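We count ligands from 1, going down the list as the structure has it; atoms in each ligand are counted the same way. Remember, predicted model here, so these are calculated numbers, not experimental data.
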Amino acid sequence: MKYGFFDDNNKEYVITTPKTPLPWINYLGCKDFFTLLSNTCGGYTFYKDAKLLRMTRYRYNDTTPDTNGKYFYIKDGDTIWNPGWQPTKTELDSYECRHGIGYSKFTGTKNDVEAALVTFVPVNDPVELTKVTLTNKGAAKKDIQLFSYVEWCLWNADDDMKNFQRNLSIGEVEVVDSTIYHKTEYRERRNHYAVYSVNSKIDGFETSRDEFRGAYNGPDKPAAVIEGKLHNTIASGWYPIASHQINVSLEAGESKTFVFALGYVENAEDDKWEAPSVINKKKAIALLSKYQTVEAFDLALAELCSYWDGLLAKFHIESKDEHVNRMVNIWNQYQCMVTFNMSRSASYYESGIGRGMGFRDSCQDLLGFVHLIPDRARERIIDIASTQFQDGSAYHQYQPLTKKGNSDIGSGFNDDPLWLIAGTSAYIRETGDTSILNETVPYDNDMSVATSLMEHLKRSFDYIVNHKGPHDLPLIGRADWNDCLNLNCFSEHPGESFQCFGPSEGPVAESVFIAGMFVKYGREYADLCKLMGDNAEADRALAEVDKMIKAIEKDGWDGEWFVRAYDAYSHKVGSKECDEGQIYIEPQGMCVMAGVGVDDGNAVKALDSVKEKLDTKYGVMILQPAYTRYHLELGEISSYPPGYKENAGIFCHNNPWISIAETCIGRGDRAFEVYKKTCPSYIEDISEIHRTEPYVYSQMVAGADAKFHGEAKNSWLTGTAAWTFTNISQYILGIYPTLEGLSVNPCTPAEFGDFSVTRVYRGVTYNIEIKNPNKVQKGVASLLVDGKEVEGNIIPFDGSKKTVSVVATMK
Ligand code: BGC
Ligand code: NOJ
């Protein structure tokens with residue numbers, strides 16, 4: 001069952017009922033100022049950091065779900081309604097929500113009044129703009145009232161929901177004409193305030209939530225709206241809000257339009273006040289004055305759309321498969337941008353107050369983002385590397401505003417260092433910009449011990465070399481990619497964090513997954529060394545990689561698949577010897593992607609085992625059989641009920657690893673089959689089962705053991721976005737950036753047909769046609785570059801050209 005449809009021409013998903021199984025959200029904002037916005041107008045806004053600079057309040061786990069947002073109420077006689085249905089939930093005569101790329105549109109009608117909202121954040125200003133158009137569709141004149149509503153968050157979102165003894169006394173606002181200023185804490189350590197304004201005269205305002213709603217009413221029954229009159233209260237403490245009242249008369253057929261602006265303003269320390277206790281409003285006024293007209297609004301929206309058109313044009317496919325076209329050209333790239341911006345901090349499943357930017361998460365996000373805005377990827381790599389420790393290990397997370405490592409969680413996740421190599425290598429393969437390797441980058445933000453980025457990569461590599469266990473496999477530390485495989489924690493008491501409890505490093509527990517990563521990214525490290533002319537270091541690295549391959553072959557192979565790990569007692573994890581959790585997906589994907597087993601047939605065996613033991617119609621599960629009891633020696637993984645999350649859920653993130661691994665052994669049919677199973681557009685018509693947004697990936701789909709098999713959770717912020725884009729664009733469609741140039745080596749299903757790709761790479765536009773006359777799954781017979789036959793798969797890079805046409809014919 002569907003709750004809407006894709007409108008590919010407009011790059012929108014159109015939701016046709018507000019009653020979606022879960023809130024289906026969108027993200028507004030490209031750089032610093034962000035809004036999460038659901039299909040019923042729920043959500044919130046923050047500047048740069050969802051924890052430290054939260055502008056509006058949202059309540060996770062609220063009694064009525066998703067009822068805090070930026071609302072517009074319309075009072076038409078005794079009927080009060082919202083164009084997005086929530087929070088009054090008055091039945092609408094019609095409803096539509098269009099989530100587009102960086103904007104959303106809502107149209108609701110009730111009793112002959114149509115309210116159309118368009119909302120977005122301009123490319124370069126810290127402001128959310130909403131155009132509200134009210135139209136009288138009936139034959140008689142209408143006198144109605146429009147009320148806006150936002151609830152301010154007192155900036156620190158964590159403190160805001162805990163520290164009531166303080167918070168209820170500190171709220172402060174100012175109101176001038178149609179602009180409401182939220183200035184809580186501005187008198188002390190803050191130099192920023194928020195504004196909410198409208199480009200017209202108002203008939204009243206409210207800044208006290210209790211006055212607006214009445215002390216015991218919810219947002220569905222705001223007393224002042226029912227009364228039809230705001231009371232012009234200046235809030236003092238308690239719960240500051242911002243609401244405007246505009247009385248609107250509409251002749252039959254007439255429309256009136258208003259532009260609302262919710263902005264963030266920062267002042268210099270010595271320029272904070274215009275008079276004692278009166279905030280300096282100059283910058284707010286300047287910001288708001290830019291968006292006083294519908295023309296200015298429309299222009300800024302057009303700018304946003306062309307900004308996005310430019311970005312998405314960097315990879316564009318035309319094939320006969322509309323799902324692939326839509327996901328690759330629009331939604332998958334869009335989700336890559338969102339995960340790059342948010343890491344795992346703010347979504348409807350991540351509260352924005354916990355994890356900031358994840359080290360491994362952000363490194364992997366780069367893989368799907370780097371082609372969009374390489375300069376921002378470059379900056380991000382330096383930020384991430386700056387949180388590395390001198391021994392090559394790293395803070396597992398850092399806060400986006402301070403860019404400092406998060407000491408609550410600390411380090412000890414032994415896969416982290418290698419992901420830095422992965423991200424940096426992706427950046428250099430994309431851009432050719434080796435200058436980044438010579439940048440001077442601190443350790444733990446301490447410039448006095450800074451070295452080149454290249455030295456950081458060396459220390460990443462050596463961290464693994466220097467931290468091996470009894471089988472010469474990498475020590476796992478607190479956890480590797482699988483945060484829930486906690487082999488050194490032995491957590492017995494509720495409330496202990498699985499990830500920070502116990503020693504971060506045990507001398508015994510080892511990870512075959514990290515071993516696979518080491519082979520893959522160790523080779524990429526060696527390639528970078530060669531590129532920089534350090535052949536000796538490249539040779540040293542490759543020798544270490546060879547040792548690791550031997551260790552995997554000796555102790556990481558279980559007969560039919562790769563072992564997952566060794567626990568603190570040196571017992572196998574993910575082996576046929578285990579009673580539960582006999583096979584895990586991660587080492588099968590990672591080892592084969594690294595090329596381990598490709599020549600000796602083990603790769604085929606491992607991937608066949610995956611198909612036989614882990615496959616379901618909704619995707620490939622992370623492990624089988626599920627853990628049915630808590631295993632003290634394994635940790636969080638066995639804390640989840642069977643089928644959920646890391647305990648035998650379909651963890652979408654590593655499905656593309658299997659798909660990529662299949663391309664490494666040339667099985668395009670199977671690679672694509674795996675791709676399709678979790679691909680949102682392919683499963684749109686089971687939205688009642690899948691439940692999360694049909695236009696983006698979710699972290700997890702419940703596995704075969706779960707009660708709700710097929711149901712997804714944790715949409716949007718997941719490494720799945722970057723990895724599926726990497727999979728489809730670089731491995732299945734086969735347009736892979738190497739250090740020397742673009743390589744063309746597709747691995748598609750036999751029936752996929754011919755296709756063409758436009759790829760902007762290092763400033764050159766490649767128009768690539770791929771022909772598959774004999775319906776093979778892999779192998780390029782000839783590559784014509786601007787009409788000339790080229791040996792091999794790589795298009796030699798020539799920066800003097802603007803466009804290059806390429807014809808690749810498969811065997
Ligand atoms: C989840 C993991 C997540 C981790 C991060 C765990 O509870 O299951 O998926 O990575 O928390 O904090
Ligand atoms: C989500 C985390 O963000 C990611 O870092 C981790 O790899 C997966 N969970 C698997 O545990």
inquiry  = With a 3.5 Å distance limit and no angle check, can you tell me whether Arg360 reaches the backbone of Asp480 through a side-chain donor-acceptor pair?
reply    = yes
message = Tell me the protein heavy atom at minimum distance from atom 1 (C) of ligand 2, and give that distance in Å.
response = Gln699 NE2, 3.3 Å
key: Check: Glu524/Ser425 side-chain N/O donor and acceptor closer than 3.5 Å   = yes
inquiry  = Under a 3.5 Å threshold, yes or no: a donor from one side chain and an acceptor from the other, between Arg380 and Tyr427?
reply    = no
task = Check each protein residue for a heavy atom under 4.0 Å from ligand 1 and list those that pass, ordered by chain and number.
result = Arg355, Asp483, Cys484, Gln499, Glu636, Tyr640, Lys645, Glu646, Phe651, Gln699
message = Is Lys645 close enough to touch ligand 2? Criterion: a residue heavy atom under 4.0 Å from a ligand atom.
response = no
ask   = Hey, is His653 touching ligand 2 through its side chain, its backbone, both or neither, going by heavy atoms under 4.0 Å?
value = neither
ask   = Among pairs that include at least one residue of residues 700-723, which meet salt bridge (charged side-chain N to carboxylate O under 4.0 Å, His left out), considering only residues two or more places apart or in two chains?
value = Arg691-Glu711, Glu711-Lys713
remark   = When distances are taken from atom 4 (C) of ligand 2, the protein heavy atom at minimum range is Asp361 OD1, 3.2 Å
inquiry  = Nearest 0.5 Å, please: how far is OG in Ser362 from CD1 in Ile381?
reply    = 11.0 Å
message = Here's one to test your reading of the geometry: is the NZ or CZ of Arg376 within 45 degrees of the ring axis of Phe340 and under 6.0 Å from its centre?
response = no
query = Backbone N or O of Lys576 within a donor-acceptor pair of the Asp558 side chain at under 3.5 Å?
reply = yes
inquiry  = Could you check whether any heavy atom of Arg355 sits closer than 4.0 Å to an atom of ligand 2, since that is the contact criterion I want to use?
reply    = yes
task = Answer yes if the ring centres of Tyr60 and Tyr58 are under 6.0 angstrom apart, and no otherwise.
result = yes
ask   = N/O of Asp483 under 3.5 Å from N/O of ligand 2, yes or no?
value = yes
Identity of the nearest option to atom 11 (O) of ligand 2, non-hydrogen atoms only, from Glu636, Gln499, Glu646 = Glu646
query = Pick from Tyr349, Tyr27, Trp331: which one makes a ring-ring contact (aromatic ring centres under 6.0 Å, His included) with Trp716?
reply = Tyr27
request  = Salt-bridge test for Glu510 and Lys468: reply yes if a basic N is under 4.0 Å from a carboxylate O, no otherwise.
outcome  = no
query = What protein heavy atom is closest to atom 6 (C) of ligand 2, reported as residue, atom name and distance in Å?
reply = Trp481 O, 3.2 Å
